[in-house]
Amino acid sequence: MTDKKIIRTRFAPSPTGFLHIGGARTALFSWAYARKHGGDFILRIEDTDVARSTPEAVQAILDGMNWLGLNWDEGPFYQMQRMARYREVITQMLDEGKAYHCYCSREELDALRERQMTEGVKPRYDGLWRPELGKTLPSIPEGVAPVVRFKNPQTGVVAWDDLVKGRISISNTELDDLIIARDDGTPTYNFCVVVDDNDMGITQVIRGDDHVNNTPRQINMLQALGATVPAYAHLSMILGGDGQKLSKRHGAVSVMQYDEDGYLPEAVLNYLARLGWSHGDEEIFSMEQFCQWFDLDHITPSAAQFNTEKLNWLNAHYIKQASLDYLALEVSKRLAVSGIVAADAPDLQGVVALYRERANTLNELANSVAYFYQLPQLDTVAAEKHITAEIVPIILALAERLATVDWTAEAIHAEIEHAVKSNALKFPKVAMPLRILLTGGAQSPSIDAVMALLGRDETLSRIRTRIG
RNA sequence: GUCCCCAUCGUCUAGAGGCCUAGGACACCUCCCUUUCACGGAGGCGACCGGGGUUCGAAUCCCCGUGGGGACGCCA
């Protein structure tokens, strides 16, 4: 009987764009941590930036989460719907002297920042309007709506034991009195996070590394509110394949793009799990297994570079594992996009079974299988090389015999052998021209298996219309 | 500029002082299998950023340097 604390984690994206690969990993780790400990995973939409948040982005994030199968236990909560609560806390902090009004204009602040930069010090608010014992504040300017600032401690250090990076400490002298409410009264990010994480009882804040600098501010506010400080785990960022930072402009693709590109969610999940986390030498594992193994102790503190080759390898693996049912469905959807109808004609499951071992993505699979349903373009170079004048009559004679044979791969194979033997040739001499005639190119699975699936009529028709 | 963080094969990583002449995986190369291409199998190439300490002993601990990244918003 253990009375261990209930674990509650959250994923808190801002709806200013799609769910990208870095966010997906953060969500995955938070989700897995909750699952591992039988806790709750909460989804919270941080939409206080009214100018940049959009309902489309909210939907895109939800779509991404759903595609990956990262299910949440509570939420989605929307910060814009919690305004009353934020106002309440701001009022309380104002009343208790933990926050104060600041009447500085944006211009004044910009000028201050610029001056500090050129002086080589860290830009920060100078505390002009900070009330202090025995200090006379400037007189309140006419018609200026004030912002609310948090009265950050001016001495001491804020430190925490980051679950990924170890102990981090920052001196309060590095911090300034951050704005917690804008001049229009709306609360800002750092403040909302503090109120929400506290109200929602978050025990482990697992988030991107770019929030390390926000953490001491949040801890200070939490302490001012007399709240419990959660544990923090800061994940380092994911770099693009070229080692450059991911950005809208630069490779930060939506997870849904991976769906479109023919990746299975299992593969993306497995890949992401191994980006920055490890369990010995384990490379391929299910999410069920992952949730059992996952821990914060084995997360790498350094940044990781995204590697499509490895994702491809995993994807190929999951394609080999997938059910024919699923594969056929996905392939037919993708063929349809190219305007190809995978009719009943060649059995799609059989076709997919023949090709699944040579595809990295579902799109590749669909692509390589298209010729079964649509006359392929002929690879003229290959055709010229393999379909020689000598071989044409032999192929035609073979076609003649194929017209009456049992239409099975075995029987077809026997006929090809017959053509090979009776003409004293090597197998590829006959197989290659057939392959090119039927599939359009020089690469395919066993040609007899291809023919068996293609069907007698289509096979003979393709041979005869091209060299007949 | 100031503060914070990071540093093992090309890439993802194992490694928590001796088990490391540094292990696995992707990629790459060679060979095998073979009806072409794949798949699969067997090998191979390939790394502890540099310098000082500490220690009998350091990839592992400490310091400095170098390099990279992040943050310095009335964005999140």
Side-chain angles (χ1 to χ4, degrees), chain A residues 12-16 46-49 51-53 79 102 104-106 109-110 113 116-124 145-149 162 164-166 168-171 173-176 178-184 186-190 192-193 207-216 234 236-237 239 241 243 245 271 274-284 297-298 300-314 316 320 355-360 368 382 386 413 416 420 426-432 434-436 439 441-449:
Chain A
S14 65
T16 54
E46 311 218 322
D47 52 359
T48 53
D49 184 352
R52 295 198 300 156
S53 298
Q79 289 188 323
C102 165
C104 289
S105 68
R106 294 170 200 245
L109 293 173
D110 287 345
R113 200 165 13 245
Q116 289 166 325
M117 280 286 220
T118 58
E119 281 170 9
V121 294
K122 191 172 181 173
R124 41 159 125 37
V147 299
V148 179
R149 286 186 184 271
D162 196 276
V164 172
K165 293 176 183 289
I168 298 178
S169 62
I170 291 166
S171 169
T173 57
E174 292 298 325
L175 273 23
D176 65 358
L178 72 157
I179 292 171
I180 60 176
R182 304 180 177 94
D183 57 15
D184 65 0
T186 58
T188 59
Y189 167 73
N190 279 106
C192 296
V193 167
R207 68 197 345 176
D209 183 298
D210 48 335
H211 288 292
V212 169
N213 295 276
N214 292 323
T215 307
H234 287 101
S236 53
M237 50 188 297
L239 272 23
K245 189 193 173 183
Y271 178 72
R274 280 290 286 111
L275 246 201
W277 176 84
S278 63
H279 185 78
D281 290 338
E282 301 293 342
E283 294 287 351
I284 293 176
D297 299 334
H298 291 84
T300 324
S302 54
Q305 205 168 307
F306 193 90
N307 185 234
T308 307
E309 317 276 43
K310 190 161 180 182
L311 206 213
N312 283 344
W313 169 69
L314 279 165
K320 284 173 210 146
Y355 270 90
R356 68 190 316 182
E357 300 219 319
R358 52 192 71 210
N360 281 330
S368 59
H386 294 284
H413 184 82
I416 298 174
V420 167
K426 298 276 193 203
F427 198 95
K429 271 284 180 211
V430 178
M432 285 309 284
L434 281 175
R435 180 146 25 228
I436 293 157
T439 74
Q443 293 102 43
S444 85
S446 292
I447 195 59
D448 40 38

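All values below were derived from every heavy atom in this structure, side-chain atoms included, with hydrogens, water molecules and symmetry-related copies excluded. Each chain gets a letter, A, B and so on, in the order the sequences are listed, and its residues count up from 1.
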Between [N] ([atom2]) and [X] ([atom1]): distance, integer Å:
X        : N     : atom1 : atom2 : answer
A:Tyr189 : B:A76 : OH    : C1'   : 6 Å
A:Gln305 : B:A27 : CD    : P     : 16 Å
A:Gln79  : B:A76 : CD    : C1'   : 9 Å
A:Glu357 : B:G41 : CD    : P     : 11 Å
A:Tyr271 : B:A27 : OH    : P     : 12 Å
A:Leu175 : B:U2  : CG    : C1'   : 13 Å
A:Leu314 : B:U13 : CG    : P     : 13 Å
A:Asp110 : B:G73 : CG    : C1'   : 9 Å

Taking only the [atom1] atom of each, what is the distance from [N] to [M] in whole angstrom?
N     : M     : atom1 : value
B:U11 : B:A27 : C1'   : 8 Å
B:A76 : B:A71 : C1'   : 13 Å
B:C56 : B:G17 : C1'   : 12 Å
B:C5  : B:C9  : P     : 23 Å
B:U8  : B:A59 : P     : 15 Å
B:A25 : B:G15 : C1'   : 16 Å
B:U13 : B:C6  : C1'   : 16 Å
B:U55 : B:G44 : C1'   : 38 Å

Select base, sugar-phosphate, or nothing to describe what [X] touches, counting heavy atoms under 4.0 Å on all strands.
X        : result
A:Asp183 : base
A:Ser236 : nothing
A:Cys102 : nothing
A:Thr300 : sugar-phosphate
A:Leu275 : sugar-phosphate
A:Lys320 : sugar-phosphate
A:Gly276 : sugar-phosphate

>> Between A:Ala359 and A:Thr16, which residue's closest nucleotide on RNA chain B lies nearer the 5′ terminus?
In response: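 Residue closer to the 5' terminus by nearest nucleotide: A:Ala359.
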>> Between A:Thr188 and B:G73, is there a contact of a side-chain N or O with OP1 or OP2 at under 4.0 Å?
In response: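 Indeed not, no polar side-chain atom of A:Thr188 lies that close.
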> Given B:A14, is OP1 or OP2 found less than 4.0 Å from the side-chain N or O atoms of A:Ser278?
Replying inline: yes
Would you mind pulling out the nucleotide paired to [N], Watson-Crick or G-U wobble, both distances under 3.5 Å?
N     : answer
B:G17 : none
B:A38 : none
B:U54 : none
B:C49 : B:G65
B:U2  : B:A71
B:A25 : B:U11

> Of the nucleotides B:A76, B:C39, B:C6, which has the atom closest to the A:Ser302 side chain?
Replying inline: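 Among B:A76, B:C39, B:C6, the one nearest the side chain of A:Ser302 is B:C6.
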What pairs with [X] under salt bridge (Lys or Arg N to Asp or Glu O under 4.0 Å), at least two apart in sequence or on another chain?
X        : value
A:Asp448 : none
A:Asp162 : none
A:Glu283 : A:Arg274, A:Lys310

> Among A:Cys192, A:Pro15, A:Ser14, whose side-chain contact (heavy atoms from CB on, under 4.5 Å) with A:Asp47 holds?
Replying inline: A:Pro15
I'd like to check the side-chain contact (heavy atoms from CB on, under 4.5 Å) partners of [X]; sequence neighbours left out, ordered by chain and number.
X        : answer
A:Asp209 : A:Lys165, A:Ser236
A:Glu174 : A:Lys122, A:Arg124, A:Ile170, A:Ser171
A:Asp183 : A:Arg106, A:Ala145, A:Val147
A:Asp297 : A:Asp295

> Roughly how far, to the nearest 0.5 Å, is CG of A:Leu239 from CG of A:Asn307?
Replying inline: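 The distance works out to 12.5 Å.
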> How far does CZ of A:Phe306 sit from CG of A:Leu275, to the nearest 0.5 angstrom?
Replying inline: 7.0 Å
>> So, using side-chain hydrogen bond (donor to acceptor under 3.5 Å, both in side chains) as the criterion, who are the partners of A:Asp281 when residues are at least two apart?
In response: none
Between the protein and nucleotides 69-72 of chain B, list the N/O to N/O atom pairs that are separated by less than 3.5 angstrom.
{"from": "B:G70", "atom 1": "N2", "to": "A:Asn213", "atom 2": "OD1", "distance (Å)": "3.4"}
{"from": "B:A71", "atom 1": "O4'", "to": "A:Asn213", "atom 2": "ND2", "distance (Å)": "3.0"}
{"from": "B:C72", "atom 1": "O2'", "to": "A:Pro123", "atom 2": "O", "distance (Å)": "2.8"}

>> Please enumerate all residues that pass ring-ring contact (aromatic ring centres under 6.0 Å, His included) together with A:His279, with sequence neighbours excluded.
In response: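 Applying ring-ring contact (aromatic ring centres under 6.0 Å, His included) to A:His279 gives A:Trp293.
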>> A side-chain contact here means heavy atoms from C-beta on lying under 4.5 Å apart; do A:Ile168 and A:Thr215 qualify?
In response: no
>> Walk along nucleotides 19-26 of chain B from 5' to 3' and tag each nucleotide B, S or - by protein heavy-atom contact under 4.0 Å, base first, then sugar-phosphate.
In response: ----BBBS
> Just by modelled atom types, is the A:Arg435 backbone N or O under 3.5 Å from a matching donor or acceptor in the A:Ser444 side chain?
Replying inline: no
Got a list of protein N/O to nucleotides 34-36 of chain B N/O distances below 3.5 Å?
{"from": "B:U35", "atom 1": "O2", "to": "A:Arg435", "atom 2": "NH2", "distance (Å)": "3.1"}
{"from": "B:U35", "atom 1": "O4", "to": "A:His413", "atom 2": "ND1", "distance (Å)": "3.1"}
{"from": "B:U35", "atom 1": "O4", "to": "A:Asp448", "atom 2": "OD1", "distance (Å)": "3.2"}
{"from": "B:U35", "atom 1": "O4", "to": "A:Asp448", "atom 2": "OD2", "distance (Å)": "2.2"}
{"from": "B:U36", "atom 1": "O2'", "to": "A:Ala442", "atom 2": "O", "distance (Å)": "3.3"}
{"from": "B:U36", "atom 1": "N1", "to": "A:Arg435", "atom 2": "NH2", "distance (Å)": "3.4"}
{"from": "B:U36", "atom 1": "O2", "to": "A:Ala442", "atom 2": "O", "distance (Å)": "3.0"}
{"from": "B:U36", "atom 1": "O2", "to": "A:Ser444", "atom 2": "N", "distance (Å)": "3.0"}
{"from": "B:U36", "atom 1": "O2", "to": "A:Ser444", "atom 2": "O", "distance (Å)": "3.4"}
{"from": "B:U36", "atom 1": "N3", "to": "A:Arg435", "atom 2": "NH1", "distance (Å)": "3.1"}
{"from": "B:U36", "atom 1": "N3", "to": "A:Ser444", "atom 2": "O", "distance (Å)": "2.3"}
{"from": "B:U36", "atom 1": "O4", "to": "A:Ser444", "atom 2": "O", "distance (Å)": "2.9"}
{"from": "B:U36", "atom 1": "O4", "to": "A:Ser446", "atom 2": "N", "distance (Å)": "3.4"}

